[in-house]
Number of protein chains: 2
Amino acid sequence: MATENKYTSILLAAKTLFWKYGFKRVNIEDICKQASCSKGTFYKYFPNKLELAKRVFDYVVTDSMQSLQQILQSNTQAHDKLTRMLELKLNGVHDISQEFLADFYNNPDVGIKTYIEQRTAVLSAEIMQSFVEAQQQGVFRKDLNIPFFFYISQQLSAYMHDPVVLSFFDSPEKMIMELATLLVHGIEPDTKQL
Amino acid sequence: MATENKYTSILLAAKTLFWKYGFKRVNIEDICKQASCSKGTFYKYFPNKLELAKRVFDYVVTDSMQSLQQILQSNTQAHDKLTRMLELKLNGVHDISQEFLADFYNNPDVGIKTYIEQRTAVLSAEIMQSFVEAQQQGVFRKDLNIPFFFYISQQLSAYMHDPVVLSFFDSPEKMIMELATLLVHGIEPDTKQL
DNA sequence: TTATTTTTATACGTTTTTCGTATATTTGTA
DNA sequence: TACAAATATACGAAAAACGTATAAAAATAA
């Protein structure tokens, strides 16, 4: 209970700092300070910073994956699903600090490169599967090219932080709405029927 | 010419990195990389990181001060001036990375604390003087308490990054407009006349 | 071109920071 | 009171950053 909380608070503290400053700019004592724990407690739960980063990475990936599943399986319109998906990327996996990924990825540790590649591959496969299942349930039109759509929506969501793009809208939320509306006209089963 | 450009590019690179990560998280080679120069060139123009930070601090302060002067002396309504002033703080001095200031300020270097205090005192005096002059030119009502108003507007602008406050508005820009409008009703010479 | 200056790349010894471990003390809890 | 968990702190070892020096490369001027 209490240990679970300590563990989680370290995980969350690390996530916050890694997202903000990247991997190599953050040291263990920064994390301890943020998590309000001592160094001893940290090393009780995590062997080192790299392992911590792996678990943070896993945590975020798993968390985002669950959120995505929930969205896809929720009983709402495609438009609403899409809106929430785009919002999810804004705060989730896709928004992983570039520095964090770069630092993490460029680590001389031999295993880390393949680790991320495998983990990412599994995640992509799972996401794709979720889309396929949602498609089978009639969320998207039957002949929609899922991988293509997934790629396009990812590319578009990258623009969400672009100041120039954002300047076209009153708020990021409105941009997301616009984007969702735009995409839905191509994927909504009610509008486009075979 | 070229030396001026190199010097400036280092200054701007340092500003960017300090704003993003704070003082102590950034090292010389990060700055060199960002400024596309070698370590040798860096040490040609700057004796060390602390002196660099001082000059960055000076640069930003001077730059913001000039912008403020321009705004106060521009031929526009008080409302417009105020809007632009609040926007200025959003991107300028007031928005100096908290980490940067904290790191910078907490530096064990003996001189740094008094340095910032003096520099800030001078800046405050100059800003106050600018306000007084603007008041004499009829920008604000004659009996407005300038120091009080300055303090209040600074306090309010601190809220501009508060997510909760921002949630009341569609965009930060709208919040600034609201805030300016709110304040103007108390300071606009046309509305409130003796 | 040649001479001069500027910049780069890199190696280096020194200092500082960070790592990970260990231990005594304090805190919270059956 | 006993026991487990967390803290604070000290420590040596490893890594990173500092600041200097120098030779090669690039840019600039005569």
Side-chain angles (χ1 to χ4, degrees), chain A residues 1-18 20-57 99-100 102-112, chain B residues 1-57 97 99-100 102-112:
Chain A
M1 292 274 158
T3 74
E4 172 85 284
N5 286 341
K6 269 294 166 199
Y7 182 91
T8 309
S9 72
I10 293 173
L11 213 59
L12 292 177
K15 192 207 155 192
T16 302
L17 292 176
F18 286 155
K20 212 168 172 181
Y21 304 113
F23 179 68
K24 69 169 191 284
R25 294 190 144 88
V26 176
N27 63 43
I28 306 292
E29 281 173 74
D30 287 333
I31 295 165
C32 292
K33 205 173 177 182
Q34 174 83 19
S36 304
C37 80
S38 71
K39 222 198 253 193
T41 307
F42 174 87
Y43 281 104
K44 188 179 176 185
Y45 297 115
F46 302 91
N48 52 51
K49 198 167 86 167
L50 195 59
E51 180 58 31
L52 168 67
K54 284 185 188 176
R55 295 192 198 170
V56 168
F57 183 73
E99 282 108 357
F100 175 68
D103 291 354
F104 196 35
Y105 198 75
N106 293 326
N107 198 290
D109 184 293
V110 197
I112 194 66
Chain B
M1 290 277 159
T3 75
E4 173 84 283
N5 286 340
K6 268 295 165 197
Y7 182 91
T8 309
S9 72
I10 293 173
L11 212 61
L12 292 176
K15 192 207 156 194
T16 302
L17 293 175
F18 287 155
W19 255 241
K20 212 166 173 182
Y21 304 113
F23 180 69
K24 70 169 192 287
R25 293 190 142 89
V26 176
N27 62 44
I28 306 292
E29 281 174 75
D30 287 334
I31 295 165
C32 291
K33 205 173 176 182
Q34 173 81 20
S36 303
C37 80
S38 71
K39 221 198 250 194
T41 307
F42 175 86
Y43 281 104
K44 188 180 177 184
Y45 296 116
F46 301 92
N48 52 51
K49 197 167 88 167
L50 195 59
E51 180 59 31
L52 168 68
K54 284 186 187 176
R55 296 191 198 169
V56 168
F57 183 73
S97 154
E99 282 108 358
F100 175 69
D103 291 353
F104 196 36
Y105 199 75
N106 293 326
N107 198 291
D109 185 291
V110 198
I112 193 66

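Only this structure's heavy atoms are used, side chains among them; waters, hydrogens and symmetry mates stay out. Within every chain, numbering begins at 1; the chains are lettered A, B, ... in the order of the sequence lines, protein sequences first and strands thereafter.
Atom C1' of nucleotide D:dA17 and atom CZ of A:R25 are separated by 13 Å, given to the nearest angstrom. Atom CZ of A:F46 and atom P of C:dT21 are 15 Å apart (whole Å). Going from atom CD1 of B:I28 over to atom C1' of C:dT17 covers 15 Å, rounded to whole Å. In this structure, B:N5 places its CG atom 10 Å from P of C:dT7, rounding to the nearest Å. As rounded to whole Å, 17 Å separates atom C1' of C:dA22 from atom CZ of A:F42. Across the protein-nucleic acid pair, A:N48 atom CG and D:dA15 atom P stand 13 Å apart, rounded to whole Å. When the P atom of D:dG19 is taken as reference, atom CG of B:L52 falls 11 Å away, rounded to whole Å. A:L50 has its CG atom 15 Å from the C1' atom of C:dT18, to the nearest Å.
Of all heavy-atom pairs between B:C32 and B:S38, the closest is SG-O, 3.7 Å.
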| field | Residue pair B:F46, B:V56: steps toward the side chain to side chain contact (heavy atoms under 4.5 Å, CB included) verdict | value | CA-CA 11 Å; B:F46 301 92; B:V56 168; over 6 Å; no
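Checking the phosphate oxygens (OP1, OP2) of C:dT8, no side-chain nitrogen or oxygen of B:Y43 falls inside 4.0 Å. The phosphate of C:dC19 (OP1 or OP2) has no side-chain N or O of A:K39 nearer than 4.0 angstrom. One finds no side-chain N or O of B:K24 lying less than 4.0 angstrom from the OP1 or OP2 phosphate oxygen of D:dA16. Look at B:T41 and you'll find a side-chain N or O under 4.0 angstrom from OP1 or OP2 of C:dT8. For the OP1/OP2 pair of D:dT9 and a distance below 4.0 Å, the side-chain nitrogens and oxygens of A:S38 include no atom meeting the criterion.
Counting only heavy atoms from C-beta outward, the side chains of A:I28 and A:Y43 approach each other to under 4.5 Å.
Take the nearest nucleotide of DNA chain C for A:N27 and for A:G40: the residue whose nucleotide is more 5' is A:N27.
Ion pairing between A:D30 and A:K20 fails under the 4.0 Å rule for side-chain N and carboxylate O.
In the model, A:Y7 has a side-chain atom that pairs as donor or acceptor with a side-chain atom of A:R55 under 3.5 Å.
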